[in-house]
Amino acid sequence: MPDERLYERIYATVRQIPAGKVATYGQVAHLAGLPGRARQIGYALFRVAPGSEIPWQRVVNARGEISESPHRLGNDDYQRTLLVAEGVIFNQQGQIDLAVYRWQPASAPPSAESE
DNA sequence: AAGTTGACTATTT
DNA sequence: AAAATAGCCAACT
């Protein structure tokens, strides 16, 4: 596994997503140091999801919606249930309001906190 | 080894 | 607006 450490970076990023928040593949990719490689995020999660401590459930697509997959653990509704259990609210369209639930990494230094 | 696929995203038709 | 096309790159066949 040549880029195993890159995957580690992806996993690490996903792990840092707090409960009740979500992140898009592109966002995770960028934070993981893989700009433009959103597909790899999904692929990475695909292989690590089962038996993993990684909150893959908090990773959604750019629309704030859950991406389906024929290989899911069982059904696509499972992920939605997990997110709802964390306090994430879905719209009638089955989408998440990214304007509210998008995870914002604490990259701001503790010297100029304003919140 | 070469070709296809994919838990994506953005652009163009 | 929905569907098709293009760009992306690692994994799979």
Side-chain angles (χ1 to χ4, degrees):
Chain A
M1 21 343 209
D3 296 319
E4 179 181 314
R5 57 180 181 178
L6 291 190
Y7 272 31
E8 283 294 313
R9 206 177 265 270
I10 295 173
Y11 304 147
T13 303
V14 176
R15 259 194 229 104
Q16 289 165 47
I17 304 175
K21 295 282 185 174
V22 297
T24 65
Y25 291 94
Q27 183 178 359
V28 173
H30 184 78
L31 294 172
L34 303 170
R37 277 164 249 188
R39 304 185 95 163
Q40 263 44 17
I41 305 302
Y43 209 98
L45 293 178
F46 165 73
R47 302 200 56 181
V48 85
S52 173
E53 63 203 290
I54 302 173
W56 53 273
Q57 60 206 71
R58 296 175 192 147
V59 183
V60 297
N61 62 25
R63 290 181 176 176
E65 186 180 301
I66 296 175
S67 297
E68 290 186 39
S69 172
H71 307 291
R72 173 154 313 290
L73 300 179
N75 49 33
D76 48 305
D77 294 321
Y78 175 57
Q79 182 171 2
R80 186 192 321 199
T81 301
L82 291 175
L83 291 174
V84 171
E86 295 187 348
V88 177
I89 305 301
F90 283 75
N91 299 340
Q92 297 84 341
Q93 303 174 339
Q95 299 179 279
I96 302 170
D97 187 350
L98 290 179
V100 177
Y101 293 102
R102 186 194 290 180
W103 172 52
Q104 298 177 353
S107 56
S111 306
E113 76 298 285
S114 301
E115 183 178 342

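To find a chain, count down the sequence lines: A is the first, B the second, and so on, and within it residues start at 1.
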Self-check item: Any donor-acceptor N/O pair, A:Gln27 side chain to A:Trp103 backbone, under 3.5 Å
Solution: yes
Quiz item: Okay, side chain of A:Arg102, backbone of A:Ala23: is any donor-acceptor separation there less than 3.5 Å?
Solution: no
Quiz item: Given atom CG of A:Leu6 and atom C1' of C:dA10, what is their separation to the nearest angstrom?
Solution: 10 Å
Quiz item: Atom OH of A:Tyr11 to atom C1' of C:dA10: distance rounded to whole Å?
Solution: 11 Å
Quiz item: What's the CG-C1' distance between A:Asn61 and B:dA10, to the nearest Å?
Solution: 13 Å
Quiz item: B:dC8 phosphate, OP1 or OP2: any side-chain N/O from A:Thr24 under 4.0 angstrom?
Solution: no
Quiz item: What's the closest nucleotide to the A:Ala62 side chain, out of B:dA10, C:dC9, B:dA7?
Solution: B:dA10
Quiz item: Starting at CG of A:Leu45 and ending at P of C:dA11, how long is that distance when rounded to a whole Å?
Solution: 14 Å
Practice problem: Choose from B:dA7, C:dC9, B:dT9 the nucleotide whose nearest atom is closest to any side-chain atom of A:Phe46. | Solution: B:dA7
Quiz item: Could you state the NE2-P distance from A:His30 to C:dC9, rounded to the nearest angstrom?
Solution: 15 Å
Quiz item: Roughly how far apart, to the nearest Å, are C:dA2 and B:dA7 at atom P?
Solution: 22 Å
Self-check item: Between P of B:dA10 and CD of A:Gln27, the distance in whole Å
Solution: 12 Å
Practice problem: Choose from B:dA7, C:dA10, C:dC8 the nucleotide whose nearest atom is closest to any side-chain atom of A:Arg39. | Solution: C:dC8
Quiz item: Is A:Val22 close to A:Leu98 at the side-chain level, that is, under 4.5 Å between some pair of heavy atoms?
Solution: yes
Quiz item: Of all the choices, C:dC9, B:dC8, C:dA11, which nucleotide is nearest to the side chain of A:Gln40 once you look at every atom?
Solution: C:dC9
Quiz prompt | Atom pair distance, as rounded to whole Å: OH in A:Tyr25 and P in B:dT9 | solution = 8 Å
Quiz item: Without hydrogens or angle criteria, can the side chains of A:Glu65 and A:Gln93 be said to hold a donor-acceptor pair below 3.5 Å?
Solution: no
Quiz item: Do A:Glu86 and A:Lys21 meet the salt-bridge criterion of a basic N to acidic O distance under 4.0 Å?
Solution: no
Quiz item: Closer than 4.0 Å, any side-chain N/O of A:Arg37 to the OP1 or OP2 of B:dT9?
Solution: no
Quiz item: Roughly, in whole Å, what's the span from CD1 in A:Ile10 to C1' in C:dC8?
Solution: 13 Å
Quiz item: Hey, does the side-chain of A:Tyr43 have a donor or acceptor N/O within less than 3.5 Å of a partner on the base of C:dA10?
Solution: no
